[in-house]
Every structure is written in structure tokens, then in C-alpha cells.
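Throughout, a chain's letter reflects where its sequence line sits, starting with A, and its residues are numbered from 1.
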Amino acid sequence: MDVLLPSLVDGLLIGFVYGLAAMGLTLIFGVMDVVNLSHGALIVLGMFGVYLLYTALGLPPYVGLFIMLIAGILLGMALYGIAIHPLLGGPHLSTLLSTFAVSMVIIGVGTALFTSTPRNIDFSLGAVQVGNIRLLGTRVVAAFVAIIMAVGLYVFMYRTHTGKSIRAVANNRDAAELVGIPSRRILALSFGLGTMLAMVSGGLIATLFPFNILSGGVYELKSFVICVLGGMGNPTGALLGGLILGLIEGFVPVFMPVGWTPVIEFTLFVIILLVRPSGLLGAR
Amino acid sequence: MKGVKWLLTVLFILALVVTGCAKAAPTPAPQPEQKPAEKPAAKTMTVVLGFTASQTGKYAKESKEQVQGIQLWLKDLEKAGGLKLPDGTVVKFETKSYDDESTKERVQQLYTKLITEDKAEFLISPYSSGLTAAAAVISEQYGKVMITTGAASDSIYKQGYQKVYQIYTPASRYLTGAVDALKAWDPNAKKIAVVYEKTKFATSVAKAAKAYAEKQGFEVVLFEGYEKDTTDFGPFINKIEAAKPDAIIGGGHFQDGSTFAKQLYEKKTPVKMVAILVAPAVPEFAELGDAAVGIIGPSQWESLAKYSPDSAKAAGVSWFGPTIDEFVSGYKAAYGYEPGYHAAGGYAAGLVLQKAIMDAGSIDADAVKAALDKMDMMIFFGHIKFDTGEYHGLQIGHDMVYIQWQKKDGKVVREIVWPEAAKTAEPVYPLR
Amino acid sequence: MRWLRDPSFWVSVLIVALAGAWPLVTGSASGREDMSLILMFVILASSLNIVLGYTGYVNFGHIVFFGLGGYIGFYLISQMGWHLIPAAIAGAIVTALFAAVLGAIILRLRGAYFALATIGVNEAVRALIVNWDALGGAVGMTMNFKRYQAYGGPMNALWVAYGLMIVVALLSVITSYGVRTSKFGLGLLAIREDEDAALVLGIAAPKAKTIAFVLSAIFPALAGALFFFKNGNIEPGDAFRLHMSVEGIVMIMLGGYGTVLGPIVGAATYERLRGYLLTSPIFKDLQLAFAGVLLLLIIIFVPSGLVGWLRNRFPKVRRVLA
Amino acid sequence: MSVILEIDHVTKRFGGLIAVNEVSFLLEEGEILGLIGPNGAGKTTLFNCINGVYAPEEGRILFRGHDITGKPPYAVARMGIARAHQVVRPLNELSVLDNVTVGACYGRENLSLGEGRRVAEEVLEFVGLAEKRDVLAGKLNVAEKKRLEMARALAARPYLLLLDEVLAGLNPAEVASMLNVIRAIREQGITILMIEHLMHAVMNVSDRIVVLDYGKKIAEGSPKEVANDPKVIEAYLGDPELALSLLEEGK
């Protein structure tokens with residue numbers, strides 16, 4: 001049992017960060033019904049952004065995150081114009097492939113520039129010992145930043161005019177357009193927000209683990225699992241899904257070989273999709 | 001009827017286009033015919049040496065070093081005026097190489113092309129066990145000699161191949177030295193945790209290490225594989241800690257290994273020794289800073305190692321080729337940085353082939369095979385000798401060295417700590 | 001037979017047959033390897049097209065069938081000493097059963113949900129096999145070289161595997177044509193366009209979709225058994241490579257979604273194009289990025305693919321290009 | 001005449017909302033029955049219950065003596081109930097001919113592809129879309145799509161045709177021509193149950209009318225009886241003056 005508690009805490013902290021990454025994916029899906037297959041590549045972009053600012057300019061990672069915040073929105077809006085807007089309303093396949101193409105471009109250029117050499121941000125905030133639980137500074141801060149971002153997004157979506165417009169467009173694009181909401185701008189902004197969340201979470205992950213240009217795939221898969229747990233298109237659910245995934249990752253190794261974690265994760269993923277496609281929180 | 005005619009014409013054109021496309025070589029246009037072998041009167045002959053490189057894909061980095069090693073060997077050979085056979089014939093090599101994209105389907109396609117179209121007489125393997133296994137099927141089918149490097153897996157040599165020869169110490173002996181070291185350094189250490197990445201290479205290493213540790217009287221308190229691409233080891237490390245091992249051995253590749261080492265450090269996991277695969281041997285491991293300190297890793301070869309004509313004499317075998325210093329300075333001059341073991345492996349593969357052809361006195365595949373079977377020598381890379389029994393071609397001469405990252409004057413440096421004979425510094429033990 | 005009088009049937013079949021026979025005529029082993037890969041991609045793309053192009057279900061986990069067929073076939077050959085042909089067929093049968101059960105379950109999901117579930121299935125199966133020691137776990141399995149003696153020696157074994165690859169490719173193309181031009185296929189197309197409307201029109205969509213899914217599973221399973229037999233070893237990472245599913249989708253898009261000829265043309269074009277990009281000195285370093293830009297341009301400007309574009313642009317060719 | 005369809009105390013709920021509440025009525029073979037009621041009265045939901053899109057919570061639906069309650073839509077379609085949707089649902093990327101062929105092949109007679117094509121050609125001729133046979137369905141205009149919807153249902157050679165507002169969105173000339181089509185269908189002996197908002201049209205072609213309001217049946221009878229039913233006038237049309245004038249118009 002003295003394994004369980006620290007593992008659950010570890011899982012919980014990282015769960016917030018996973019959840020943040022998944023919020024980006026789920027937001028985009030909720031608003032425009034697009035599964036963004038460039039999500040992983042965008043996460044990696046965030047990692048490299050923070051890494052380069054840290055190594056080249058000496059900017060602390062958390063300052064780098066702010067820059068990723070702005071860069072993410074701008075990049076996302078640009079990507080929307082190029083790869084999403086012309087294809088909206090078509091079959092799912094077109095946006096799946098166009099976002100996949102974006103990911104190929106990002107990773108292709110990234111490999112040419114940075115090779116697939118692993119990178120590591122050598123940055124530490126020490127640790128605090130609570131009982132037999134050792135809390136790493138970087139992890140606590142990452143979880144904290146993730147929570148702030150999530151709360152910020154919530155406030156934005158529910159308290160501001162623009163946020164309400166996003167929700168209206170998500171609900172019914174045609175009706176929103178009838179009441180004068182400029183849906184194209186709102187959609188672009190939503191894609192920007194989704195991209196921003198991916199890049200910021202990438203930046204956070206970079207402070208925790210080594211990575212390379214191909215690391216995005218893992219986090220993209222995790223984000224899918226989380227989105228489904230929390231309900232596709234439901235950002236609040238994504239945070240919860242992230243926590244659940246983190247807990248599973250903390251919980252499973254205690255009781256069975258750690259190699260079974262992905263079997264359990266993906267089986268759960270498929271089962272949830274089948275019995276509760278709207279997620280654990282959503283109505284049936 | 002007219003429709004049918006028209007249809008046939010279209011069909012014919014389409015078929016031509018498709019087959020035409022298929023014929024178009026995926027890589028450099030085929031060279032003019034070369035008939036290197038059958039010119040007994042000439043004093044020089046050119047032999048085609050074929051291999052694929054992973055210019056793209058997941059092995060791009062390691063493969064590049066390996067290929068640079070091969071190229072340096074060729075350049076050195078060229079400088080020495082080529083390979084001279086006992087009868088005075090000079091053999092020159094021409095290389096053919098394609099990008100295999102780190103995938104098996106390419107490897108088989110390209111090795112077939114190397115053998116049948118480019119008429120390669122000798123082959124060197126691609127980087128990695130998986131790709132080499134795919135290439136070996138082809139080379140063996142055509143009865144060509146292939147020297148493998150960058151491929152440590154044992155299983156390739158359990159399939160009955162007759163002309164595939166391994167340069168690297170096989171996976172089964174990758175971590176056994178770490179077990180020996182632990183036993184020598186600390187008679188009280190009894191418990192070992194073996195944790196490994198669930199990939200072909202790491203799993204075979206871990207299984208062999210476990211068996212060996214148990215034979216040496218250790219208790220393996222934890223034997224578990226983790227999924228490749230694992231990034232968060234937190235919960236797993238908690239589990240390892242709960243098993244209270246004296247030493248942790250295992251690992252996988254660079255990414256997971258360095259992540260694991262970093263998190264072990266952050267969690268201050270109380271173990272006396274950590275020995276993990278691949279990652280510590282890569283120079284970038286130093287980027288981990290303090291987290292790298294004390295981590296031990298097996299290495300196929302180190303520039304600090306002490307193989308020399310003298311140690312060859314001591315071991316009772318012959319010495320061949322450049323010294324370590326000559327190789328290192330040559331490599332530095334050519335590429336501007338210190339060679340790692342991937343590069344050394346590439347060079348060594350060439351060297352072994354060179355020696356075998358010289359011994360055979362011909363480029364006939366069977367004669368070269370016989371020479372390789374008899375080979376027992378030392379080169380800058382270490383001792384080279386092949387199994388000729390059940391596991392034909394398996395490397396049985398070469399040994400791993402174990403490096404440890406240590407802190408000297410505030411800088412993280414690598415030192416050889418095992419085996420005793422090769423060591424450059426005292427080990428940091430216990431770790432914590 | 002109606003088919004035998006249909007020029008578009010012959011166009012598709014003969015292209016594959018003639019291209020496949022070319023290495024047999026020239027005896028070029030290198031040509032055989034090149035063509036073997038193209039045929040494998042033709043099989044993957046053509047069979048995937050039954051679910052993706054005809055039925056409209058985006059399957060990212062198509063490669064799971066390839067991996068399963070490969071694993072079962074390989075296990076039977078290397079561990080049980082079966083001959084390649086019965087082993088491949090057994091692999092295909094088991095895979096088909098798997099597809100039937102899986103299809104009945106996950107084809108209830110629609111759109112993006114289905115696409116995500118297929119990713120989950122592929123990953124779950126891969127992770128399961130990694131942990132399954134009887135199948136070699138993460139290490140995978142290897143085959144003793146002596147096994148090739150049963151096929152007239154290793155060199156001959158490759159020709160045998162290649163010959164079978166041609167047969168499977170032809171079968172998959174014929175099946176694709178058969179489905180496309182049948183009443184069953186018309187039902188699938190209706191499901192693709194509007195599943196609810198299709199149900200009301202009397203199409204038993206759950207059954208039809210499952211049959212399509214099973215049909216699409218058989219051919220990659222056969223190809224997997226042949227491919228890994230030729231390879232001599234099998235590992236989970238190679239057998240269940242998600243990326244290969246995506247490549248299959250790209251081939252279909254390139255050639256023409258929902259057409260018989262499209263996946264064939266797409267597979268050949270994609271394979272040649274990649275070969276060119278990879279080796280061209282200009283694009284070598286940026287080949288992935290360049291391929292991405294190309295894909296994006298195709299999706300935005302030529303969404304119906306090469307064959308689809310020809311069909312739309314020149315209605316007269318519809319008779320020969322199905 | 002015999003009863004072809006029996007709706008027996010059918011109830012369909014969505015959460016707390018009762019969309020169809022204990023509705024019962026009979027449909028005679030060969031008759032045209034109009035189903036009317038204000039928006040949200042549960043008409044389309046009732047259609048969905050009949051052809052199996054929804055399974056009702058209570059009650060039974062008998063078709064030609066067989067209980068079809070809760071059967072999936074494709075099974076119902078095979079038994080001989082075809083439907084034209086309120087919002088047209090053409091299979092956009094298929095040609096007009098293929099659209100109708102789907103209806104024929106998977107309809108009551110379960111035809112082969114070749115026979116289905118032949119039937120489809122006939123039906124296209126009948127509804128006046130023959131010259132558009134090779135056009136992609138997505139490219140048709142609204143009136144043509146409505147005809148296509150109808151053609152597809154007809155091609156199934158149903159015993160019973162459910163028409164859901166097939167006249168909505170058409171101009172007067174198109175309405176007139178569509179009404180002719182509907183009458184001609186009845187000539188072929190096909191029974192019709194139609195939802196319609198265009199009062200004069202529904203009064204004109206229907207033999208009988210059933211009125212729903214808030215999921216309940218509030219009236220049933222000949223167009224004349226229904227038109228003069230004060231409950232209908234009050235509940236359905238709100239303004240009796242307007243209602244009467246509308247109904248007059250229908251005569």
C-alpha cells in the first residue's frame with residue numbers, strides 16, 4: 001500500500017497535464033467536428049519552442065510558455081485557414097487527412113532542422129517530501145499551470161462574449177450565423193485555442209521528460225483516450241479524463257506488470273466508445 | 001469490336017506505364033554493367049560492397065555514424081593502395097548504398113537490388129537487429145557473405161545461416177558484465193530488479209541478464225517490461241522502490257533510458273547501482289547533468305578502451321588494422337568529432353571483411369566464409385571470433401565495456417569502470 | 001458473365017496481372033521485390049477501399065488485419081511446421097472471424113468515433129501481443145532458414161511468395177470490382193451517403209457493414225502471412241504499424257476514393273513518388289514535409305483523386321475506368 | 001376493404017417529453033389518410049415509430065396482420081412500407097438512377113440489380129425525372145429532390161407509402177403536379193399516409209384525416225368533419241376565423 005499512494009499522486013499530477021493536452025483536441029472536435037491529427041505534432045512544436053527559447057535565449061521554461069500561448073493561437077488560426085476551412089462540411093476523411101498532412105509537414109521540417117536527436121531541458125525546481133511521497137517541483141508547477149489554464153478556458157468560454165459565441169457555434173453553426181455570429185472567425189479562433197492548448201501542454205511536458213521530434217505520437221494517442229473518457233467535445237470532461245488516465249497509469253503498475261497498462265487503456269477506450277460514446281460525464 | 005480494340009490499346013499503355021514505373025529504379029540510376037570478378041589477368045579488380053543506410057526514419061542518427069565508419073575504412077584502404085591479395089592482385093571496393101527508411105520492407109527490396117542488379121559481392125548489414133534480420137534472409141538466399149554491425153540480437157544466428165557474421169557482442173551478453181561487476185564490487189548485494197523496454201532487443205537482453213543473475217546467485221526481485229514510448233516512469237519507479245533492489249539493470253533505447261535515469265534521480269531512488277542499455281553510451285546522455293552521474297551503461301566500444309597490439313599478444317591472438325588512436329584521430333579529422341561505438345562498429349565491419357578476403361586470398365564467397373570461420377584476432381574494436389557451431393556467425397570473442405558517468409571538476413564525464421582490465425577510473429559505488 | 005464483357009473490369013485486372021507478371025517474365029529479382037511491395041500496397045488499399053471508399057467508414061486500424069494474419073500465418077509456419085498456403089488461409093479465416101466479431105461491435109459507431117475506435121483496437125491488439133509470450137511477446141518470432149527448403153530452397157521460396165502475392169492482389173481487385181458493381185455494393189454506397197436513409201430504404205446496414213468489414217479483412221491477412229514469411233521474422237512493431245494504415249488511406253485518396261482502379265493507381269503512384277522523393281537530392285531532407293504539402297493540395301483541389309478526376313472530367317472514360 | 005395498418009395505443013417518450021401519447025387509428029387498404037397537427041404534435045415521431053426508426057415504449061403497430069412494433073427500419077421496409085422524408089435525403093454522390101435503384105433493390109420485392117434498374121427507369125419516367133437519370137442526386141434542385149425522394153419510395157413497390165410533407169417548399173405549379181403524382185400512385189393501389197401542412201392540398205386529396213395535438217389524437221374523420229370540429233379549429237389552428245377560411249380554400 002505504501003506504493004499505491006505515491007503512485008496515485010504521481011499519476012494525478014501528470015494527469016492534469018495530459019488533460020490540458022486533450023482539452024485542445026476535444027475543443028476543436030466539439031466546435032467543428034474535426035479530429036485534429038496534427039495534435040501530436042503541435043505538442044512537439046510546443047516542446048521545441050520552450051526548449052529553444054531556454055537553450056538559445058536562456059528564457060525560463062515558464063516564460064517560454066507565455067510565448068507559446070500567443071504563438072499557438074496565431075499558428076492555429078493560420079492552420080485553420082489553410083487546412084480546415086476549405087474542407088468543412090465535407091466528409092470526415094478530408095479533415096482527418098488534411099490535419100495529418102499538416103502533421104507530416106511539421107514533423108518533416110522539424111526532422112530536417114533538428115534531426116531526431118533527443119532533447120532535454122535541464123531545469124529543476126527541487127522536490128518536497130510529504131510523508132513517504134516525494135513531490136517534484138516541476139510536476140507540481142506543471143499541474144498548477146494546467147489547472148490555471150483549464151480554469152482560464154472555462155471562464156473564457158462561459159463568461160465572455162467571444163466564449164459564448166464559440167459555444168453557440170459549437171451548438172449549431174447555422175443558427176449562430178443567423179443571429180450574426182461571424183462563424184468563420186469563431187471557428188478560426190477555436191482552432192487557435194486548441195492549438196494553443198496543445199503547444200502549452202507540450203511546453204509543460206518538455207519540463208518533465210526528455211523528448212524528440214517524434215514524441216508527439218504518444219501524447220496524441222493519450223489525448224484520444226482522454227477525450228473519449230471525458231466525452232468528445234467536452235473540455236471539462238477532458239480534464240477529468242486526463243486525471244482518470246493519470247490514475248490508471250499510477251494504479252495499474254501496482255497490481256500487474258506495467259506492460260499491461262496500454263492494453264488496459266486502449267481496451268477501456270474502445271469499451272467507453274461503445275457503451276458511452278458521449279463520455280463518462282455526458283448523457284447517454 | 002472497335003471498343004475492344006480501343007480498350008486493348010488503353011490497357012497496353014497503362015500496363016506499360018505501370019511496369020515502366022516499376023522498373024524505374026527507386027534510387028540512383030543503374031550504373032553501367034560491371035563485371036568485377038572475372039578478370040584473372042588484371043592486377044586490380046573492383047568489388048562491389050553493398051549496404052543500406054537509414055537516412056530517414058527512427059534509426060537515422062545511429063545509421064549515419066555507422067556509415068561514416070564504413071566510409072572511413074574505405075578511405076583508409078584506398079590510401080593504402082587497396083587490398084592486396086597474396087597473388088599480388090589489388091582489390092578495390094566500390095560501394096552501393098540506398099536509404100532503407102528504417103523499415104523492413106525497404107531493406108529486403110534494396111538488398112535484393114544490391115545483389116541482383118548492382119552485383120554486390122559482399123554486404124554489410126543495415127543498422128539495428130530488426131532490419132538486419134530482414135537483410136540476412138536475402139543475403140543468405142543468394143549465398144553472399146554479410147558482416148553485420150549495429151545488430152546485437154542473438155536470434156538472427158539461431159536460424160541456420162551460414163554466411164552471416166556478427167561484429168557486435170550479442171544481446172545475451174550485454175548486461176551480464178554488469179552482474180559480474182556488482183558481484184565483484186559488493187558481495188552483500190543480493191537483489192536485482194530487471195526492468196526493460198518491451199522491444200525485441202531490450203527484451204532479449206533482459207531475459208539473458210535475468211538468467212545470468214540467477215545463475216550467479218542473485219535474487220531477481222522484479223522482472224518487468226514497460227511499453228515502448230513510456231514517458232512517465234513515476235508509478236513504475238515507486239513499484240521498483242517497493243521491491244527494494246540493490247541494483248537496477250535493464251533499459252531499452254535512448255529516449256526511455258534517459259527519461260528513466262532522469263526520474264530515478266529526481267525520485268532519489270535508493271539503489272546502489274543502475275546499469276541501463278544504450279542511453280548512457282550516447283554522448284547526449286550528458287545533457288541530463290546530475291541525473292546522469294553514476295549511471296552505468298554497456299558499450300560495444302569506447303575510445304578510452306585499451307585494446308592494443310600488446311593486449312592482443314597477451315591474449316595470444318594476432319592484431320590487425322589501425323590502433324584506437326589512429327582510428328579516433330582519423331575519424332575526427334574526417335568528421336570533426338569523436339567517434340562513438342556505432343561508427344567504430346562500421347569501421348570494424350569493413351576491417352573484418354578486409355582481413356577475411358586477405359586470408360582467403362580470393363573474393364570467392366566460400367573461401368571468404370572459410371576464412372571468417374577461422375578468424376580469431378584483435379582489432380581496435382576488440383577481440384573478434386565467430387561461433388562455427390550451432391549458432392553459426394554469432395560473435396563470441398568480443399566483450400562489452402561498461403562506462404559510468406562521473407563528475408570531475410564540475411563536468412560530467414564518462415569513464416570505463418568494467419572490466420577491471422579496461423577500466424579508466426574507480427566506480428562510483430554505491431550510487432545512493 | 002456480365003463482368004467478362006465489362007471493359008472496366010479488364011482494365012483493373014489486367015493492369016495488376018500484367019504488372020505483376022513483368023518480373024516473372026524478366027526474371028529480375030530486384031523487379032520482383034519492387035513489384036511485391038506495390039502489390040502489397042494494392043492489396044491493402046483495395047481492401048481498405050471496400051470499407052473506406054464504398055461504405056464510408058474511416059478505418060485507421062486496417063493494418064490490424066495485416067498484423068493478425070501475419071502473426072497467425074507465421075506462427076503456424078514457424079512453430080507448427082505448416083505449409084505457407086494453408087497457414088495463410090488459416091490466418092485469413094481467423095482474421096475474418098475476428099473482423100466479424102469486431103465489426104458487429106464497433107461498426108455501431110459512426111464518423112470520427114469509429115475512426116478513433118479503430119485506432120484503439122489496433123493499439124490494444126499490438127499491446128496485447130507485446131505481452132503475449134507464446135507469440136514471442138516483444139521479441140517476436142523468427143523462422144529457421146531451413147524452412148525454405150520445402151519451397152525449393154530460399155531463392156525459390158521468394159518466387160513462390162511473390163506468385164501468391166499476385167494471386168492475392170488479383171483476388172482483392174476482383175473482389176473490389178465485384179462489390180462495387182453488385183447490389184450489395186450499391187447498398188454500401190447508400191450507407192456511405194446517408195446511413196439512416198439507407199436503413200429506411202430497406203438496407204440491413206449492420207449486416208452489410210459487417211460483411212464489408214470482413215471482406216476487407218481477408219486480403220490484408222493473406223498479404224501479412226506472405227509478407228512475414230518472406231521476411232523470416234515478425235515483431236509487433238512491424239505487424240501493427242499504425243502509420244501503414246494511414247499510408248493506405250493516402251493511396252486511396254491519391255487514386256480515387258470509392259473506385260476500383262483508384263487504389264491500384266494510388267498504390268503504384270504513392271510508392272513511386274515516395275521512392276523518388278526519398279532519393280531526389282532536392283527533396284531528400286524535406287521529403288516528409290513535401291509529401292505533406294502534396295497531400296494537402298490533393299485533398300483541397302483534387303478530392304476525388306486521379307481516377308475520380310478523370311471520371312468527372314471525361315465522362316466517356318467511365319466505361320473503362322471503374 | 002381490409003385494414004392495412006393498425007396503430008394501437010402507441011406511446012413514444014423522449015426523457016420526460018411524451019411525443020406520441022396513446023395514439024390509435026386504422027388505415028384501410030387503398031385509402032389516403034392525412035395526418036395533420038401543429039408543429040411538434042408528434043406526426044414525424046409517429047412516422048418514425050411506424051417504420052422502425054424509433055421503438056415505441058407502449059402500444060403495438062400491426063401491418064397487414066403482422067406485428068412490426070420495434071422492428072428495425074430495413075425489416076419494415078422489406079415488408080412493404082416506404083417513406084419519403086420531410087427533409088429530403090438524396091444519396092448525393094450517386095446518380096439519380098442509382099438512388100432509385102437502391103429503393104427498388106432493397107424494397108418489398110428484393111429485386112436483383114438488373115431488375116432494380118429497370119424498375120427504377122420506369123419510376124423515373126412516372127415522376128418525370130427520366131431525363132435527369134445520370135445526374136448526381138446532390139445536383140438536383142429542391143423540387144427535383146422531392147420528386148426523387150418520392151421516386152425512391154415508389155420504386156420499393158410498397159403496399160403503404162408514408163409521405164412526410166412532400167409538398168413543403170414547392171411553388172403552386174409544382175404542388176399541383178406533385179398532387180397529380182400522388183393521385184396516380186393511389187390509382188396503382190398503394191395506400192398512402194401523409195403528413196401535410198398545406199391545408200388545401202391535404203383536404204383535397206385525403207379520404208380521411210387524423211389530427212394530432214401534443215402527441216394526442218384529437219380528431220378523426222372525413223376532411224369535412226375534421227374541418228368543422230371545434231376542437232380541431234381551436235386546438236390546432238388557434239384562430240377559428242383563419243382556420244375556417246383555410247379549410248374553405250381547400251374545398
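- Residue C:A205 touches chain D through its backbone alone, counting heavy-atom pairs closer than 4.5 Å.
- Closest non-hydrogen pair, C:V200 versus D:A77, comes out as O-CB, 3.3 Å.
- Most heavy-atom pairs under 4.5 Å with chain C: of the set D:H85, D:R108, D:E93, this distinction falls to D:E93.
- Remark: C:K183 qualifies as a cation-pi partner of D:Y106 under the 6.0 Å distance and 45° angle criteria applied to the six-membered ring.
- To the nearest 0.5 Å, atom CD of residue C:E193 and atom CG of residue D:L91 are 6.0 Å apart.
- For C:P315, no part sits under 4.5 Å from any heavy atom of chain D, backbone or side chain.
- Between C:L186 and D:D98, some side-chain heavy-atom pair lies under the 4.5 Å cut-off.
- Between chain D and the options C:G187, C:A204, C:A198, heavy-atom pairs under 4.5 Å are most frequent for C:A204.
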Requested in this report: Begin from the C-alpha positions of C:I203 and D:Y74 and carry the test side-chain contact (heavy atoms from CB on, under 4.5 Å) through to its verdict.
Outcome: CA-CA 5 Å; C:I203 296 165; D:Y74 51 87; 5.5 Å; no
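- With sequence neighbours excluded, no residue forms a side-chain hydrogen bond (donor to acceptor under 3.5 Å, both in side chains) with C:N312.
- Annotation: the span from C:D194 atom CG to D:N99 atom CG amounts to 10.0 Å, rounded to 0.5 Å.
- Looking at D:V53, the atoms closer than 4.5 Å to chain C (heavy atoms on both sides) all sit in the side chain, from C-beta outward.
- Of residues 116-153 of chain D, those residues lying under 4.5 Å from chain C by any heavy-atom pair are D:R152.
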